[in-house]
Amino acid sequence: MSVKILVCIITCLAILSCGALVHAQPLTGYEKILVIRLGYDNGVYQENAQYIRYGQGPNLNILSGNKKAIISDSEGKTITSFVVMEPGIATGDSIGTTGEGSPYPEAYLEQSRTDEMVMTIPYLPNMQVFRLYDAQGSAPLISLDLTPSHTVFCADFPNDPDCTQLNVQARSSPTVTNIPTFYLSIIMVLVLIAALSPIILRRMKTAPDIPVKKSVLIVDDEPDLVELVRLLLDKQGYTSMSALGGKECLALLSQKKNVPDVILLDIMMQPMDGWETLEKIKTNPETKDIPVLMLTGKLLTAAEAKQYHICIEDYIMKPFEKVQLYAAIEHVLTRKKIIHENIVLAKKAGVAQETFCEYAKLSRHVDINKKLIGLLEKSYGTHEPGKHGVGDAFDIIEQMIMNTRSNEDRLEQLQREIFSAFTAKGYPVPIW
Amino acid sequence: MTGFSIIGKITTLIIVLILLSMTCSLARASSDNSLMVLLLDGKTGEKLNGATVFLDGEFKGTTTSQDGAGTLQINNIKPGTHTLRITKADYREGIKKLAFPEEKNVEVTLDKGYLFSLNRDGPSAHGINVIFIPSDTSFNCPENKKFSDTTYSSNESRFREDVLRIINRTFLNLDLITSPSVPLPAQYQDRFNFYYYYNPNADADAFSGCAGTVPDSYWNDVTFADITIILYPTYYGTYSNTACQPTGCYKSSGPGRRLMKVPADKELLFDHELGHAMFGLVDTYCGTTYYYENSPHPNVWSSSDSCKADAQSDKRNLTSCRQIEQKSPISCSRQFWRWDPDPDIMQTVNYGTFEVAATQRISYVLTSAIGGKP
């Protein structure tokens, strides 16, 4: 029996591997652009052409101008927007000389009443309507239905993933071409189920599902507090370890069997304080990925926030409520789990790993920075632009606020890209 | 009979079914429903392996030597019209429509591309794409005429050297030409992707219109340009009258179509035009040019109040807001305001650096682009 199962599994895996090789879709090669050509005649815009083609588009975030373009979906929801310069304008410069021979700038303005604008826009699924506005205007200068460009493109490339998404019916009924693959896949699944069912049944009978307990390392030089936190964590179902100082913590971590899922780290310890311990944890490749939550009675300073914000996951002030502690640990563990799951989906959806990792990293930074800014504002007072007085604390807070805003803008942009890719594949959008 | 032995029998049966279906599939593969694609280099006729083949928008495989060099057999083709798309690095994309089963053996030729990357480690995701293209014309101002200039079209190395010098001097050393009081994003140098487009048979013309023109094939090949720079070797003579063409110019015709022309030997003019083309900066000198408030982080304001409001929010001195005007060689004033101290490259054109407000805008654009290596 076991030989048959083995042969069956090997056969299935071999065939599935071949199938995967034949039908593997490349992650790149499907990038598309939407091109809209607009004629401009003395303030009036008209459509000259619109089409979708394969290719990469420019970066819409760095444009300048005094007209605003918006692309929305069929429900009127904005998918992307950008600014463009008024058509027909070219500005030239030369260096002339004055009568005395001194150089001076000479302007040249080419202002045409007729011109053509060409909008090359990275394609996003569900693009339905294009509108162009004056910067201050409420009525669009021109509004275009983008259905024709989709129709023409999908007539030529009906099996492009973005076209098959549009044609649900075509996707749900396998075509003649796919019949062997379709039946073969069903047979594969049946065989695998048949082969694995004895093992699964046996395991279901004998092995109850035991959740793996997450482990937490508590680092604090107050034994009573360590004991209290241990009790709280044990009660919540965590496995806990403890170290009564920075050096003990590092010694514990050096034994590979003692790698915790989370570290709770006090700051005011002797001889090695929490920040130094943190630095050593984060500079060691073996331990740098362990999330660290600072658990301390010490007020966070702006300089510390600036220096260490990228190394920590949270900053919990003593005395704390047990629910606060549980929530912080759970938040960190859940985030890690979700990121891991979504990275797998992102790969399948064709999102570049670089893009997704940047999103995950920025999302974490924004989350932590907001928390730290809140703590700093409790210590130093609410920040107001231009306010000075406590060393450079407000400058640091302002810088953190600006960085966070900038990261949030970038996050929004990445989110759009990722969500579009997920939606196009029918995957649930990532939740953080 | 136990449950396990029943499953064993079913398993054996299903294995037999699999083998049968595989036999069927193989039989189908060699049937009349196959399309054979042969890929050739358009110039040398060399058979090309490693190209990615899509049929009707669906990935079908890559060309290999399995059935003869540069080929791919695609099975189970339905009768009718199909669109074949083939891509290969360093080659222009090939698209061919075909009728099946009339065309069962299709030959596709791909031409080498004209776009060359200058980034050693390849392009960065979200980087600002800067593409240089040579002009085969220059301008002689004293004689008021443009003329054919083959400096670049006959010498790719010379063009490439000029491009690399400009990249190194300007893009990779922005901190030397911007205000030190406004920090640029860390490793901003990694936020650019540099390319040059070199097709000796289809150069740009720097003196066709203010900003020049590029061949249509360029727009077809380069869809992702954030800025296209037409480079010409030099401008002869000194600008003296309106019959002369401008030395540098910028025009935006929409995303992907931002065009700037400039001579390779005027570095500061390059900075000025780059201020327009890449960073959306506006001229701060008084003249017949185009003014508008280029929000956010403008370097020109449409009112004194808005200039002061921005100065206050950015903790800059309000009294530096001043109207754009000049007294000589001609008296001129405009209803727009500027803040940057002189020498401001957007005012002087041929000396100075990007000052505080301009650098804030530059920093904003570089931050918005977000790219480069982590």
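Residue numbers begin at 1 in each chain, while the letters A, B, ... track the order of the sequences. Keep in mind that the numbers below use all heavy atoms, side chains included, and drop hydrogens, waters and symmetry copies. All values reported here derive from a predicted model rather than from experimental measurement.
Heavy-atom distances place both the backbone and the side chain of A/L63 under 4.5 Å from chain B. Only the side chain of A/E110 comes within less than 4.5 Å of a heavy atom in chain B; its backbone stays farther off. Neither the backbone nor the side chain of A/L132 has a heavy atom closer than 4.5 Å to any heavy atom of chain B. Interface remark: A/I62 contributes backbone and side-chain atoms alike to the contact with chain B (heavy atom separation under 4.5 Å).
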**Prompt:** Do B/D283 and A/D93 pass the side-chain contact (heavy atoms from CB on, under 4.5 Å) test, and can you show the C-alpha distance, the side-chain angles, and the key distance before you say yes or no?
**Reply:** CA-CA 9 Å; B/D283 282 323; A/D93 304 276; 3.4 Å; yes

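The pair B/R257-A/E116 fails the salt-bridge criterion, with no side-chain N (NZ, NE, NH1 or NH2) lying under 4.0 Å from an Asp/Glu carboxylate O.
Chosen from B/Y290, B/W219, B/Y235, B/Y364, the residue pairing most often with chain A at heavy-atom distances under 4.5 Å is B/Y290. Annotation: maximal heavy-atom pairing with chain B below 4.5 Å, among A/N159, A/I36, A/I121, A/N66, occurs at A/N159. Ranked by non-hydrogen atom pairs under 4.5 Å with chain B, the options A/F82, A/Y40, A/Y54 are led by A/Y54. Of the listed residues B/S240, B/S328, B/P246, the one with more heavy-atom pairs under 4.5 angstrom with chain A than any other is B/P246.
Between the side chain of B/D56 and the backbone N or O of A/P158 there is no donor-acceptor pair closer than 3.5 Å.
With rounding to the nearest 0.5 Å, the separation of NE2 in B/H276 from OG in A/S64 is 11.5 Å. With rounding to the nearest 0.5 angstrom, the OG1 atom of B/T367 is 14.0 Å from the CZ atom of A/R405. For the atom pair B/T83 OG1 and A/D156 CG, the distance stands at 4.5 Å (nearest 0.5 Å).
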